[in-house]
Protein chains: 2
Amino acid sequence: MNTIKNLHVHSTAAPNSLKAAVGSSLNCYTRKHCVACKLGDIHLSQFERLGKRRVLRKGEQLFRQGDTFQSLFVVQSGSVKSSVVGDDGEEQITGFHFPGDMLSVDGMDSGQQTYSAEALETTSICEFAFRDFERISESMPDLKSQFFKVMGKELSREKKRMLVLGRMRAEQRLATFILDTSRELRSRGQANDSLTFSMTRQDIANYLGLAVETVSRLLSQFAATDLVRVQRRSLEVLDRPNLENLAQGFQPTAQLIARSA
Amino acid sequence: MNTIKNLHVHSTAAPNSLKAAVGSSLNCYTRKHCVACKLGDIHLSQFERLGKRRVLRKGEQLFRQGDTFQSLFVVQSGSVKSSVVGDDGEEQITGFHFPGDMLSVDGMDSGQQTYSAEALETTSICEFAFRDFERISESMPDLKSQFFKVMGKELSREKKRMLVLGRMRAEQRLATFILDTSRELRSRGQANDSLTFSMTRQDIANYLGLAVETVSRLLSQFAATDLVRVQRRSLEVLDRPNLENLAQGFQPTAQLIARSA
DNA sequence: GAATGGAATTGACGCAAATCAACTAAACCC
DNA sequence: GGGTTTAGTTGATTTGCGTCAATTCCATTC
């Protein structure tokens, strides 16, 4: 929920077109869905040549906090988690990233990666050297403006996350997470109300600032009140309205209470 | 802690030079301390002409979440808090901003302000029309690159804040806040270990995701163990090492325990 | 198909911090 | 100067969630 999203302007990406794009190493997923999409074809192909494809297996790291910043990455398929660690070694997952999301932009400032990124499953990534990006963007002023928008979006997303971490109770956090993730995956062509998590409960808990047990208990409770159906890593949203109520801190409706009794 | 900081390259700004800069409406604070600082003098004056000065009294809002985005703002003197509100009306303070900080950059994406900004005391602000910024930056490619850095820094700062809100206990949060604020104000020329808050306890509590009472109690406790000296809104750091230990979740040292007994 | 290990669930318990409540101290205003 | 308001402190009580512990459920691997 926490990266540069919607680089792609056409959010109606069908899952098929996704697969197709990933299949070809030249025809990077970026082509249709990301930063450069609004630019002319000549520039586009110029930009595209720079992308280098890379495949990570589950658990492999794309980069680590502190690494030298030299590339921008775009997720093509699979999923990635990003996290920061404090001085004391405590780790906080800052976001989950799906196809079309861009990673590592904040490194531009310090020249260092400010967080770590790790594949949650087999994942393919498109890598661009930042130097090339800068060179190319000289002849494409629009490109930089696109990036402003992208970073602005990320900034506002992170602000919303503070609301989650700072003010919400456990129930609200989890409900919000489910709804956000559902929306996120839906915009990438997944089925309407069902989604499959690539992350563990532990990851979810960490992301939400909760204990694993709390997440587990709440999921069971959500299932018991027919808000969702859960089975292992796959989840189906059954009662979106009440899930939204919950996310906003309202009481579940009377109907719901009756049902759970 | 939570905006575009260190736009200024010369972080050795003395308090005098600050006042001087603010005194003149043409010689915007930006001149010496922010975005345009690395650019040539010709460009600089060109950029500077665009700035419009504005003064807010305590409690007045600079802009509100949802307002049309059309300007970038730089704090010249005073201080500002920014906050987001959720669907349910819950408010979360996302940052405090001091001279040299830039506000409202994330609006570039959506064309709307993604948060609200309010003066904590009498505050003067320099406002630039975004349109002018875009026009000027065409002839100054460096300007945009500067902005990338600035936004990258903000992004990584927000990630660190997730660590605070997601993983830290109350003690750690407050200790971190004190140390961060102290560093922040020191870099703007305030005295070494003493600082004066422009925000209420309530603001601090909200910012840290805690209740006012908790903040109050902890401050008293910090004072009782000689970590700090507090009097109303002014605070003096007495024992930085142990405050840092606390911030990192370590136990206070034996010495400290003895002292508190 | 049995064995190993990690992920997830469930229950019992304790604690950190929220909430509720009473009081004090500044700041503000006529 | 006295009365009102708002900010801040401190104490008593409650509670949501974390921690600890025990099981169960799957996924691997031999």
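Residue numbers begin at 1 in each chain, while the letters A, B, ... track the order of the sequences.
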If I take atom [atom1] in residue [X] and atom [atom2] in nucleotide [N], what distance separates them, rounded to the nearest angstrom?
{"X": "B:E171", "N": "C:dA16", "atom1": "CD", "atom2": "C1'", "value": "10 Å"}
{"X": "B:Q221", "N": "D:dG11", "atom1": "CD", "atom2": "C1'", "value": "15 Å"}
{"X": "A:L219", "N": "C:dA7", "atom1": "CG", "atom2": "C1'", "value": "13 Å"}
{"X": "B:L218", "N": "D:dG8", "atom1": "CG", "atom2": "P", "value": "15 Å"}
{"X": "A:E121", "N": "D:dA27", "atom1": "CD", "atom2": "C1'", "value": "17 Å"}
{"X": "B:F222", "N": "D:dT9", "atom1": "CZ", "atom2": "P", "value": "13 Å"}
{"X": "B:L165", "N": "C:dA17", "atom1": "CG", "atom2": "P", "value": "14 Å"}

Starting from the 5' end of DNA chain D, give me the residue, A:M168 or A:Q231, whose nearest nucleotide shows up first.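 Taking each residue's closest nucleotide, the earlier one in sequence belongs to A:M168.
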
Each nucleotide of nucleotides 18-30 of chain C classed B (base within 4.0 Å of a protein heavy atom), S (only sugar-phosphate) or -, in 5' to 3' order, makes SBB-----SS---

### Query
Is A:R229 close enough and on-axis enough to A:F222, meaning under 6.0 Å and within 45°, for cation-pi?
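Not flagged: A:R229 not positioned over aromatic ring of A:F222.
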
Contact list for DNA chain C against residues 196-206 of chain B - heavy-atom distance below 4.0 Å: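 Hits under 4.0 Å, by residue number: none.
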
(request) Write down the atom of B:L174, the atom of B:L218, and the distance for their closest heavy-atom approach. (result)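 Shortest heavy-atom contact: CD2-CB, 3.6 Å.
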
*Any B:R173 side-chain N or O less than 4.0 Å from OP1/OP2 of C:dA17*: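 For C:dA17, neither OP1 nor OP2 has a side-chain N or O of B:R173 closer than 4.0 Å.
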
Is there a side-chain contact between B:S216 and the phosphate of D:dT10, meaning an N or O under 4.0 Å from OP1 or OP2?
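Answer no for this pair, as no side-chain N or O of B:S216 is under 4.0 Å from OP1 or OP2.
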
query = Looking at CD of B:E90 and CG of B:N206, how far apart are the two atoms once the value is rounded to the nearest 0.5 Å?
reply =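 Between atom CD of B:E90 and atom CG of B:N206 there are 8.5 Å.
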
Do [X] and [Y] have side-chain N/O donor and acceptor atoms under 3.5 Å apart?
{"X": "A:N242", "Y": "A:D239", "result": "yes"}
{"X": "B:T114", "Y": "B:Q65", "result": "no"}
{"X": "A:S116", "Y": "A:Q61", "result": "no"}

Using the salt bridge (charged side-chain N to carboxylate O under 4.0 Å, His left out) criterion, which residues pair with A:D193? Sequence neighbours excluded.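 Applying salt bridge (charged side-chain N to carboxylate O under 4.0 Å, His left out) to A:D193 gives A:R240.
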
>> Is the ring pair B:Y115/B:F63 parallel, tilted or perpendicular, if the boundaries are 30 and 60 degrees?
In response: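 Judged by the thresholds at 30° and 60°, the geometry between B:Y115 and B:F63 is perpendicular.
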
(Q) Students often mix this up, so state it plainly: with edges at 30° and 60°, are the rings of A:F197 and A:F177 parallel, tilted or perpendicular? (A)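 Ring orientation, 0 to 90° scale: parallel.
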
